[in-house]
Enquirer: 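Got a structure for you, questions after.
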Amino acid sequence: MEDTDSVAVARVKAGDGDAYRVLVDRHSRSVFRLAYRMTGNQQDAEDVVQETFMRAYRQLHRWEARSSFSTWLYRIAANYSLDLVRARKRHAETAIDETPANQGAPDDAIHALPASSPGPDRLLFSDQVQKCVASTLDELSQQERTAFVLRHFEGQSIEEISAALGLSANAAKHSIFRAVQKLRRALEPMVSHAL
Amino acid sequence: MNVPTENHLTEEQLVLYYYSEASETAGVEEHLGACESCRKAYHSLQRVLNSVDSLPVPDLSADYETRLWSALDARLGRRKSFAARWLLWKPLVIAASMAVLIIAAFLTGRTLERPSNQQKSVADSGIRERVLLVAVGDHLERSQMVLVELANAGAPATGHLDISYEQRTAEDLLEANRLYRQTAASAGDFPTATLLEDLERVLLEIAHSPSTVSAKQLEDLRKQIEDKGILFKVKIFGSQVEQREAAPSKAGAASL
């Protein structure tokens, strides 16, 4: 895959702009998955994908063939997702005072599930776990979330994560540890109880 | 890593083992085989981390790649004609041509203007403004791309970050910017002239930066972009220009 990525990049650099489509087709869904897990929002994730490929195209001269193209893309996507989430949080903090108190916590929605849902107990539990995972991920620091998402979902090594985030390997490792600790604290009572 | 059974595995060792990052997998496995307490702890960790996988990701439509490519293709401007691409890379030439055109139109308008020909005067003024509007809009879009690149560039993990591309672009834009600023000022369009003056200071900083910057230098550069709020101003101004371009009939009376 990486060899063919290198070939496609070389063709783009040589002026064959259509070769970039090969890279977009090949990597856009995995970049979307990363972006969605980082932002928790489909529209934001789609924006991240588009912006990632725009930036990658403009910075193609910076990519070095000895590194993985997908890792480089993830790095761009992760950094842009971080910026986006920070901006969203700033916006949310300023808007929070104007938000009516009747929005309810995510957990409230669980109790509002229609009684006719198929397999209600199992579905409810699964939904509860998913909501708990999502809200715990939201509570992680941006560094913890990025490091964890890259390690857990994208299978990136600690070395790759430290390079992507501009951290030492030790700092990347500890970000993952902290994320796991927080997830464990939130999820353990739930998943242990289920067994 | 020696993992004696009397010393239980730490949570960090278990996490690293789960992610296949443990420095001594065999030692951890041996310990887990012999120590029930650690085995329980590991199974508990497994359950938690496996449950994280339940987090769903929305399904994308089958034509997602096609839609994405259409959007990207439009933004990348690859289908522009040779002339358009040439102009994109020659902002100075565009700026100079536009400036000459605007000044010529302005002088012509003043020479030919008759007090009884009010409609023609308004139309000439509209054309002059529209020429400047289109040129400045294009210039701001290119400037915004450079500012966004730098504002969002990832911090160099080691060594320095090469910003020579942004620097060269900033140098080109700087020359164009001066001409637009002078043209806007001489046409009495002071809001545009003021924005371009602010932009010029930032472009100057970028153009005069080293071609490779350290994390600290990059941070300083970002701070200057942020402190001046120039990216925000350019975005707002750019969208105003787009609106004005979309509504040419209203472009006659007000300034940019």
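Lettering follows sequence order; numbering is per chain, from 1. Because only heavy atoms are used, hydrogens play no part in the values below, and waters and symmetry mates are left out as well, while side chains stay in.
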Enquirer: Sort A/R62 into side chain, backbone, both or neither according to what part of it lies under 4.5 angstrom from a heavy atom of chain B.
Expert: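 Looking at A/R62, just its side chain touches chain B.
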Enquirer: Could you tell me which of A/V24, A/L82, A/I158 has the largest number of non-hydrogen atom pairs under 4.5 Å with chain B?
Expert: A/I158
Enquirer: Regarding A/E46 and A/Q42, do their side chains bring together a donor and an acceptor under 3.5 Å, going by distance alone?
Expert: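 Checked: A/E46/A/Q42 side chains pair up, N/O donor to acceptor below 3.5 Å.
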Enquirer: Should B/E205 and B/R201 count as an ion pair when the cut-off is N to O under 4.0 Å?
Expert: no
Enquirer: Relative to chain A, which segment of B/L68 carries a heavy atom at a distance below 4.5 Å: side chain, backbone, both, or neither?
Expert: side chain
Enquirer: Does any heavy atom of chain A fall under 4.5 Å from the side chain of B/E12, the backbone, both, or neither of them?
Expert: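 Both parts, heavy atoms under 4.5 Å.
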Enquirer: Quick check on A/S157 against chain B: is it the side chain, the backbone, both or neither that has a heavy atom closer than 4.5 Å?
Expert: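 When you check distances to chain B, atoms from both the backbone and side chain of A/S157 fall under 4.5 Å.
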Enquirer: Do A/R29 and B/E65 sit within salt-bridge range, that is, some charged N less than 4.0 Å from a carboxylate O?
Expert: yes
Enquirer: Considering only distance and modelled atom types, tabulate donor-acceptor pairs under 3.5 Å from the side chains of residues 36-44 of chain B, sequence neighbours left out.
Expert:
unit_1 : atom_1 : unit_2 : atom_2 : d
B/R39  : NH1    : B/L32  : O      : 2.8
B/R39  : NH1    : B/G33  : O      : 3.1
B/S44  : OG     : A/E188 : OE2    : 2.0

Enquirer: Tell me, for B/S20 versus chain A, whether the close heavy atoms (under 4.5 Å) come from the side chain, the backbone, both or neither.
Expert: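 Neither part, no heavy atoms under 4.5 Å.
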Enquirer: Might you confirm whether atom CG of B/D59 has over 12 heavy atoms from other residues, nucleotides or ligands at distances under 6.0 Å?
Expert: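 At most 12 heavy atoms, drawn from other residues, nucleotides or ligands, come within 6.0 Å of this atom.
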Enquirer: May I ask you to say whether B/E200 pairs ionically with B/R181, meaning some side-chain N is under 4.0 Å from a carboxylate O?
Expert: yes
Enquirer: Please classify the contact of A/I176 with chain B as side chain, backbone, both or neither, using a heavy-atom distance under 4.5 Å.
Expert: side chain
Enquirer: Can you tell me which residue pairs pass the ring-ring contact (aromatic ring centres under 6.0 Å, His included) test with a partner in residues 162-183 of chain A, sequence neighbours excluded?
Expert: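 Only A/H174-A/F177 qualify under ring-ring contact (aromatic ring centres under 6.0 Å, His included).
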Enquirer: Would you mind checking which part of A/Q156 comes under 4.5 Å of any heavy atom in chain B, side chain (CB onward), backbone (N, CA, C, O), both or neither?
Expert: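 Answer is backbone: N, CA, C or O of A/Q156 sit under 4.5 Å from chain B.
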Enquirer: Please look at A/L137 and chain B and tell me whether the side chain, the backbone, both or neither of the residue comes under 4.5 angstrom of a heavy atom of that chain.
Expert: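 The side chain, not the backbone.
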